[in-house]
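Worksheet for the structure shown next.
Note that these values count all heavy atoms, side chains included, but never hydrogens, waters or copies made by symmetry. Just so you know, ligand 1 is whichever comes first in the structure, and atom 1 is the first atom listed for that ligand. Given the structure is predicted, the values throughout are model-derived calculations rather than measurements.
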Amino acid sequence: MSQWFENRTAVLATMHGKERAIAPPLRSSLKLEVIVPENFNTDVFGTFTREIKRPDTQLETARRKALKAMEITGNSIGIASEGSFYPYPGLPLLSCDREIVLLIDKVNDLEIIGETISTDTNHHHQSITSVAQALEFARKVGFPRQGLVVMLTKDATEREDIFKGITGEENLIEVVKSFLDKSPHKSIHIETDLRAMLNPSRMKAIEAATLDLIQKINRPCPMCHRPGFEVKERIKGLPCKLCHAPTELVRAEVYSCSGCDYREEKAFPRGDTSADPMYCNYCNP
Ligand SMILES: [Zn+2]
Ligand SMILES: [Zn+2]
């Protein structure tokens, strides 16, 4: 599918060094060059450190970032990525990171979304009452390759109560001391910086989402040959092995083309034609 993108240039809406994860695979697989606009401030779309709330969903935020970068630079292809951290479904103590990488191509009227869910998140936080505790936390999370954020309280929203992007020990000690001094309870909050350039785990997840995007681009519609023939719907009801009643597990995936509306149903996407009775409401109520 590289002829769709060959020798074109995409603008990547980032100020957090995401091009290191996104640009190389796009160049080698699609011959698509990626540029980053100068002084593009993505913080207006929301920040992880909560002083600016993300007003839209993850997908809508990525879309708005990509369109904004396209508008500023006049590029016909825009790319944006957006991460979201939340408890892993069913395992509330495990944090996971859903990363999406979105590509919009105005010339061909395409919007394709690559995604990945990673549980290797390095998403940690703690309240601390001493410099020693801060250093202990730093050691555990892989500082200084992993950056840190120190906050007066975990709900702080004022800029002067949040110190981001700490990557040096001296700086860490100095910030922790001054925040402890300021704190009425002599207790402050420390957490891993989730911005991509300071979070190696996120960078890896962003790269995986980019590879997923490329895989989707490389799957053309069998009717009109547009890139991005992908799964848009999952149908539940995989039959129970014992009683054949439909379960909540996926029975089929529906691929569809947003260009010509052609659809194809693929049964048993995981390879199994029946479900373990443990998922059955009758056999295992
Ligand atoms: Zn089609
Ligand atoms: Zn059953």
Side-chain angles (χ1 to χ4, degrees), residues 1-12 22 25-34 57-60 62-64 66-67 70 75-82 88-91 100-116 208-285:
M1 297 313 288
S2 68
Q3 72 274 16
W4 289 70
F5 301 105
E6 212 169 298
N7 302 321
R8 295 177 66 193
T9 305
V11 61
L12 172 62
I22 294 174
L26 288 173
R27 186 183 304 122
S28 63
S29 306
L30 304 176
K31 299 195 175 75
L32 175 65
E33 283 301 318
V34 172
T57 63
Q58 185 178 15
L59 178 59
E60 189 52 36
R63 198 177 275 141
R64 284 179 53 204
L67 291 171
M70 291 162 83
N75 244 275
S76 60
I77 304 178
I79 297 172
S81 105
E82 191 69 17
Y88 195 77
L91 295 169
I100 62 172
V101 175
L102 165 95
L103 178 141
I104 294 175
D105 177 356
K106 263 192 191 155
V107 173
N108 296 305
D109 189 27
L110 294 173
E111 181 187 279
I112 302 174
I113 302 147
E115 71 176 309
T116 192
T210 307
L211 297 179
D212 182 58
L213 172 73
I214 291 169
Q215 209 177 52
K216 284 175 177 160
I217 286 173
N218 281 331
R219 200 183 295 128
C221 168
M223 294 309 277
C224 73
H225 309 296
R226 253 166 81 97
F229 189 63
E230 55 176 306
V231 177
K232 300 260 171 61
E233 194 189 331
R234 291 188 168 83
I235 303 171
K236 290 177 184 173
L238 191 65
C240 167
K241 194 181 289 184
L242 275 184
C243 74
H244 309 293
T247 66
E248 287 292 291
L249 299 192
V250 173
R251 181 183 62 75
E253 286 178 337
V254 182
Y255 288 73
S256 61
C257 170
S258 39
C260 72
D261 289 330
Y262 176 73
R263 289 159 59 90
E264 223 169 70
E265 200 177 299
K266 284 195 180 144
F268 315 124
R270 312 272 178 272
D272 297 326
T273 53
S274 60
D276 190 302
M278 71 180 276
Y279 299 107
C280 177
N281 285 333
Y282 299 100
C283 300
N284 185 22

Please table the atom pairs, donor to acceptor, closer than 3.5 Å between any side-chain atom in residues 237-260 and protein atoms at least two apart or in another chain.
unit_1	atom_1	unit_2	atom_2	d
Thr247	OG1	Leu238	O	2.6
Thr247	OG1	Leu249	N	3.3
Glu248	OE1	Lys236	NZ	3.4
Glu253	OE2	Arg234	NE	3.2

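With 2.8 Å as the limit, His225 does not count as an N, O or S neighbour of the Zn ion (ligand 1).
Vertex the Zn ion (ligand 1); arms to Cys257 SG and Cys260 SG; angle rounded to 10 degrees, 110°.
When every heavy atom of Leu59 is checked against every heavy atom of Ile100, the shortest pair comes out as CA-CD1, 3.7 Å. Closest heavy-atom contact between Asp109 and Arg226: O-NH2, 3.1 Å.
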Report task. Show your working on side chain to side chain contact (heavy atoms under 4.5 Å, CB included) between Ile112 and Leu213 and close with a plain yes or no. Result -> CA-CA 7 Å; Ile112 302 174; Leu213 172 73; 3.7 Å; yes

Report task. Check the pair Gln215, Asp212 against side chain to side chain contact (heavy atoms under 4.5 Å, CB included), reporting the backbone distance first and the verdict last. Result -> CA-CA 5 Å; Gln215 209 177 52; Asp212 182 58; 4.1 Å; yes

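Ion pairing between Arg27 and Glu33 holds under the 4.0 Å rule for side-chain N and carboxylate O.
Tally of protein N, O or S atoms closer to the Zn ion (ligand 2) than 2.8 Å: 4.
A donor-acceptor contact shorter than 3.5 Å links the side chain of Asn284 to the backbone of Met278.
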